[in-house]
Amino acid sequence: MSVIEVKNLTKDYGFHRGVFNISFSIEKGEVFGFLGPNGAGKSTTIRHLMGFSKPDKGNTYIFNKETFKKYYEILNKVGYIPGEIALPQGLTGLEFIRMIQSLQKIKNEKRLRELIRIFELDSAVLKGETKWMSLGEKRKLAIITAFMSDPEVLILDEPTSGLDPVMQEKFIQFIKEEKKRGKTILLSSHIFSEVDATCDRIAIIKDGEIVSEFLANDLKHATQKSYKIYFFEKKGYNDFLNSTKNRKYIKVIDKNEDEICAFISINDSNIDKLINLLSKYEIKEFVNIKETLEDYFMKFYKEETDFGGING
């Protein structure tokens, strides 16, 4: 049984804003990456999973309970980091922690101390009012409060936004450890390195619709490979390009006459055929171009001129 399930969820805010008939599920112990630019529908989906919004159509479930109707039954088992951190004014960092502990009815001081140590939130900051905290300090406080009850499920919306690169890396290592402990995690992000380093499965969302869902390892170990082939002479280069027209197993992605270079795609099962063909020509260089998560993602956004919040 899936721990988290989104089933035909639709929330239409008009002007094609919102999410439209999206579905996915997350198994126990799995880290699921939800990848897309700002405004694609990631936070809308998460608000419904947390029971904050009522769907127009479809349903969202955690522990097989409909989140909008049964949110009070599941929230003390779910750790949540919102995309936008809005802390109540008039409280110190420590008072905010105590408030959340009281709401959760869970107080794990050993876990709390360990998290404060890992994420380096010093005592002076904890004793100060939340309104004077920097964005990075607020983000650290949000991370600590999400994880301090040691919940079974984590719903993380842009969790490292505002953290410096060193702390981002600490967070990635921390998520890997939580994964080993069997936690079920939804990680919504636009940071490719974060998703690539932690996730078992990944869904790409665009304009409120899921355009791709795949196993992370399938991308890393894909059998369809891309190569750049540099020729010494233009004659050999042109002859090779002409020969590919009769060979459907070779797809020419791009070519550069100035560099005398062909960029091709071919399945591993046909690599011997390619090598046999290339033996007829004088080859200067033969380079495997590995497709990264960012490369794959950009295929869905290549026609866009403004990628919003997408970062490397």
Side-chain angles (χ1 to χ4, degrees), residues 24 31-40 165 168-169 172 176 187 189-207 209-312:
F24 61 83
V31 182
F32 185 87
F34 204 30
L35 184 62
N38 295 336
Q168 284 182 354
E169 183 57 34
I172 287 171
K176 288 179 178 179
L187 173 62
S189 181
H190 63 260
I191 302 175
F192 299 110
S193 57
E194 190 171 86
V195 173
D196 200 31
T198 58
C199 295
D200 301 297
R201 278 191 303 130
I202 300 167
I204 295 173
I205 186 168
K206 178 181 180 181
D207 298 331
E209 298 178 10
I210 292 177
V211 292
S212 182
E213 185 181 326
F214 54 94
L215 291 170
N217 277 339
D218 284 353
L219 182 63
K220 291 172 184 174
H221 306 293
T223 56
Q224 193 72 19
K225 300 289 197 312
S226 299
Y227 298 91
K228 278 190 175 181
I229 307 165
Y230 294 85
F231 295 79
F232 275 108
E233 298 176 346
K234 283 193 177 180
K235 182 181 184 306
Y237 163 78
N238 289 323
D239 285 350
F240 171 77
L241 289 176
N242 287 329
S243 71
T244 61
K245 294 173 184 176
N246 302 318
R247 291 174 170 82
K248 292 185 179 179
Y249 63 86
I250 302 174
K251 181 182 179 183
V252 178
I253 300 170
D254 201 2
K255 51 194 175 181
N256 188 320
E257 191 170 337
D258 292 334
E259 294 184 3
I260 323 179
C261 172
F263 185 23
I264 67 153
S265 175
I266 189 167
N267 193 278
D268 283 345
S269 61
N270 293 311
I271 194 67
D272 288 343
K273 293 180 185 178
L274 175 63
I275 291 170
N276 186 52
L277 177 61
L278 291 176
S279 67
K280 301 174 184 177
Y281 310 106
E282 286 192 66
I283 305 300
K284 185 177 181 181
E285 196 173 2
F286 182 66
V287 184
N288 176 211
I289 307 297
K290 292 185 178 180
E291 184 175 53
T292 65
L293 177 59
E294 183 174 358
D295 294 331
Y296 181 73
F297 177 89
M298 285 302 181
K299 287 180 179 179
F300 298 97
Y301 283 85
K302 62 185 177 182
E303 295 176 3
E304 306 286 341
T305 55
D306 179 11
F307 298 110
I310 299 172
N311 294 321

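The analysis underlying the following values was restricted to heavy atoms, covering all of them including side chains, and did not include hydrogens, waters or symmetry mates.
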| I202 and F214, any side-chain heavy atoms less than 4.5 Å apart | yes

| task | Quick one: pull up CD1 in I229 and CD1 in I250 and give me the separation to the nearest 0.5 Å. | result | 7.5 Å

| message | If I take atom OH from residue Y237 and atom CD1 from residue I283, how far apart are they, to the nearest 0.5 angstrom? | response | 12.5 Å

| Residue pairs fulfilling salt bridge (charged side-chain N to carboxylate O under 4.0 Å, His left out) with at least one residue in residues 279-293, sequence neighbours excluded | E291-K299

| Going through the checks in order, is the side-chain contact (heavy atoms from CB on, under 4.5 Å) test met by Y227 and I271? | CA-CA 11 Å; Y227 298 91; I271 194 67; 3.7 Å; yes

| message | If you apply the rule side-chain contact (heavy atoms from CB on, under 4.5 Å), what do you find for Y249 with N267, and how did you get there? | response | CA-CA 7 Å; Y249 63 86; N267 193 278; over 6 Å; no

| Flag side-chain contact, heavy atom, 4.5 Å: D239 against Y281 | yes

| Atom CD in E209, atom CZ in F300: separation rounded to 0.5 Å? | 12.5 Å

| request: May I ask you to decide if A262's main-chain N or O and D254's side chain share a donor-acceptor pair within less than 3.5 Å? | output: no

| Do D295 and I289 touch side chain to side chain, with heavy atoms closer than 4.5 Å? | no

| note | Output for pair (N270 CG, L277 CG), nearest 0.5 Å, gives 11.5 Å

| request: Quick one: list whatever passes side-chain contact (heavy atoms from CB on, under 4.5 Å) with N238, sequence neighbours left out. | output: K234

| request: Identify the heavy atoms of P37 and F297 that sit nearest to each other, and give their distance. | output: CD-CZ, 3.8 Å

| field | Between CZ on residue F240 and NZ on residue K235, distance to nearest 0.5 Å | value | 14.5 Å

| Is there a side-chain contact between L35 and F192 (heavy atoms, below 4.5 Å)? | yes

| request: Establish, from distance only, whether the side-chain atoms of D196 and S193 form a donor-acceptor pair under 3.5 Å. | output: no

| message | A side-chain contact here means heavy atoms from C-beta on lying under 4.5 Å apart; do Y296 and I204 qualify? | response | yes

| Nearest-0.5 Å distance that lies between atom OG1 in T244 and atom CZ in R247 | 8.5 Å

| query | Quick one: does N276's side chain have a donor or acceptor within less than 3.5 Å of a partner on K273's backbone? | reply | no

